[in-house]
Number of protein chains: 2
Amino acid sequence: MVSIKDIAKKAGVSISTVSYALNGNPKVTQETSARILAIAKELNYIPNAAARNLKKRETKILGVFLTDYSGAFYGQLLQGMRETLSQKGYELIVCSGKRSHLFLPERMIDGAIILDETLSDEELLQYADLGHKLVVLDRELDHPNISQVLLDNKAGATLAINHLIDKGHRKIYVLTGPKGTYDSIQRLNAVRQAASRHPDIDFTEIEGNFIKSSGEKAAKQILEESNQPVAVFCLNDEMAIGIYDYLSNTDYKVGKDIHIIGFDNIEVSNYVHPRLATIDYSKWRWGAVGSEQLLKLIANEPVEHERIYVTVIEGESVTNI
Amino acid sequence: MVSIKDIAKKAGVSISTVSYALNGNPKVTQETSARILAIAKELNYIPNAAARNLKKRETKILGVFLTDYSGAFYGQLLQGMRETLSQKGYELIVCSGKRSHLFLPERMIDGAIILDETLSDEELLQYADLGHKLVVLDRELDHPNISQVLLDNKAGATLAINHLIDKGHRKIYVLTGPKGTYDSIQRLNAVRQAASRHPDIDFTEIEGNFIKSSGEKAAKQILEESNQPVAVFCLNDEMAIGIYDYLSNTDYKVGKDIHIIGFDNIEVSNYVHPRLATIDYSKWRWGAVGSEQLLKLIANEPVEHERIYVTVIEGESVTNI
DNA sequence: TTGTAAGCGTTATCAA
DNA sequence: TTGATAACGCTTACAA
């Protein structure tokens with residue numbers, strides 16, 4: 001491994017001069033600086049990250065924590081983060097798994113964006129107390145070192161329900177999500193609020209868990225229970241796709257016998273036929289805003305919580321009844 | 001920040017004793033060790049990664065380099081890697097972008113898996129020369145510190161063509177991929193070889209670039225050129241989906257007017273109707289095998305290049321003519 | 001069994 | 001303008 005020591009020896013200067021030259025410090029003359037740089041390049045010198053991190057107490061690396069890598073919209077989300085951060089000289093690494101939770105206290109990364117239920121509120125608050133900067137996308141957490149960038153789930157769920165009602169639906173199933181996750185809880189609460197405003201409409205909740213198979217199961221149950229056309233609000237798109245799958249093996253048709261609206265506008269929703277009506281939001285923007293907030297926290301600038309707005313995407317999966 | 005110094009002071013021992021205790025070295029007595037551990041926990045001590053990395057010259061972190069985060073099958077691939085590596089005490093981080101290319105020479109990571117055309121062969125060979133361990137999934141590169149785990153593209157493309165021929169197709173379009181990427185080149189070569197073995201069959205190449213829009217463009221061209229039923233081998237699924245999209249706005253039907261087979265069996269291929277025929281392989285296994293190879297390289301065990309095998313998935317997008 | 005001390009590769013302070 | 005040197009937090013011979 002070639003270190004500044006090697007360069008110093010070869011250039012006949014001290015290591016401090018090398019360090020200054022390498023870091024563009026104007027104290028060292030153009031001449032020596034050029035010579036040192038040339039030698040550094042010749043020797044293929046690359047600074048050792050550990051040594052620098054140890055001394056400078058920062059890595060210029062930020063982490064994003066995901067529960068796993070399977071999420072259907074991570075691509076755009078991460079892209080939004082990366083583009084925002086790289087402009088400011090920060091690198092982004094994607095972390096998932098128990099050991100990586102230590103990256104923050106270990107000072108491997110300078111800050112983190114959280115979209116990972118497996119990290120507890122307590123753990124995050126503890127890090128925040130230690131001075132680490134965090135942006136949470138999946139929970140509400142109040143702390144001076146934490147900023148929230150949350151989806152407007154309530155507006156989304158309300159839009160979805162209203163869309164079904166506008167189309168004349170009076171029997172509405174709601175396929176719920178996992179009990180513990182923020183987005184799921186928020187969406188369900190909004191649905192219940194909407195339900196209480198519409199006593200004339202028949203709302204039925206079916207327990208789901210945000211994965212495809214629970215959509216299939218729900219479809220089976222719905223077909224057994226009722227034969228008039230019904231509407232289903234799936235609290236995420238993946239479950240909606242599950243319903244499509246189940247129906248494709250029956251004579252029932254989406255948008256005719258069962259009307260479906262989802263949430264998230266994941267990529268596959270663009271491909272299914274008929275097109276899935278859903279609630280859309282910019283995943284790219286979510287990542288970008290989250291990153292901006294993190295940079296502000298790190299720069300000790302004031303931050304306010306942000307909200308990501310949502311819109312309805314209409315599709316032939318919901319038609320007039 | 002709490003360091004071993006703080007613990008040493010509080011425990012009334014030297015820092016080396018603390019270090020030994022923390023690392024479970026049996027030289028230190030149960031008693032003192034227990035006391036030190038207790039204090040460490042009390043103070044919420046977390047070892048500083050930079051300091052340890054600097055000293056030990058390893059991080060127990062491996063990187064996987066991706067061109068971007070948008071790949072349709074990254075989820076399973078990464079999952080395969082993570083599950084394999086975490087068993088062996090390694091953490092995986094996902095890196096994308098210019099600066100992260102330095103993670104290897106900076107010694108931020110102990111090794112890397114490459115699926116990223118933006119890294120040049122020269123750069124990788126240079127790292128390998130410096131002693132860094134690499135596994136490449138997207139090119140052929142011979143070096144003692146590099147192991148290849150490649151898709152059997154040739155078998156896949158041959159299978160696809162044969163499937164079309166078996167179904168009676170005699171006019172076959174081939175929608176190609178970007179000129180520079182390994183998988184694309186390999187697949188096209190295999191197609192040309194198959195073509196030379198079947199002079200009776202009419203092969204036509206259309207230039208594509210692995211993204212959806214080139215499928216749409218190709219569909220337009222194909223419909224303009226020919227009206228008898230034709231077959232198309234799309235060198236990846238994404239372009240095949242593009243054809244579906246284009247046809248959905250016409251009166252032509254997949255599996256009837258245009259027969260399509262893809263490559264990769266990405267998630268959306270499961271959702272489209274009719275089901276897309278395609279070439280499948282285990283993304284999880286690809287990641288897992290790649291990881292195993294990397295661990296072997298790091299342990300200085302002998303490695304041989306590996307191949308990931310492929311199979312045909314039939315679908316109603318290709319029917320008998 | 002525990003302590004002393006050197007060293008990992010940088011940065012940065014102070015003196016020359 | 002450059003050089004000597006301490007320090008960052010940790011590991012690990014070697015000494016006690």
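Quick note on labels: first sequence line is chain A, next is B, and so on, each numbered from 1.
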(request) Could you please name the option among D:dT5, C:dG3, C:dC8 that lies closest to any side-chain atom of B:Thr17? (result) C:dG3
(message) Check whether B:Tyr45 forms a cation-pi arrangement with B:Lys41 (NZ or CZ under 6.0 Å from the six-membered ring centre, at most 45° off the ring normal).
(response) no
(message) Taking the minimum atom-to-atom distance to the side chain of A:Ile4, which one of C:dT10, C:dT2, C:dA12 wins?
(response) C:dT10
(request) Between C:dG7, C:dT13, D:dT12, spot the one nearest the side chain of B:Ser16, thanks. (result) D:dT12
(request) Among C:dT10, D:dT12, C:dC14, find the nucleotide with the atom closest to the side chain of A:Tyr20. (result) C:dC14
(request) State plainly whether the residues A:Asp121 and A:Arg139 are in salt-bridge range, i.e. N to O under 4.0 Å. (result) yes
(message) Starting the side chain at C-beta, find the nucleotide from D:dG3, C:dC8, D:dT11 nearest to B:Ser19.
(response) D:dT11
(request) Measure from the side chain of B:Arg57, starting at C-beta and using heavy atoms only, and say which of C:dC8, D:dC10, D:dT1 lies closest. (result) C:dC8
(message) What I want to check is whether an N or O donor and acceptor connect the side chain of A:Ser14 with the base of D:dA4 at under 3.5 Å.
(response) no
(message) Quick check for you: among D:dT11, C:dG9, C:dT2, whose closest atom lies nearest to any side-chain atom of B:Thr29?
(response) C:dT2
(message) Side chain of B:Leu54, heavy atoms from C-beta onward: which of C:dT11, C:dC8, D:dC14 has the nearest atom to it?
(response) C:dC8
(request) Answer yes when B:Arg107 and B:Glu58 have at least one side-chain N-carboxylate O distance shorter than 4.0 Å, and no when they do not. (result) no
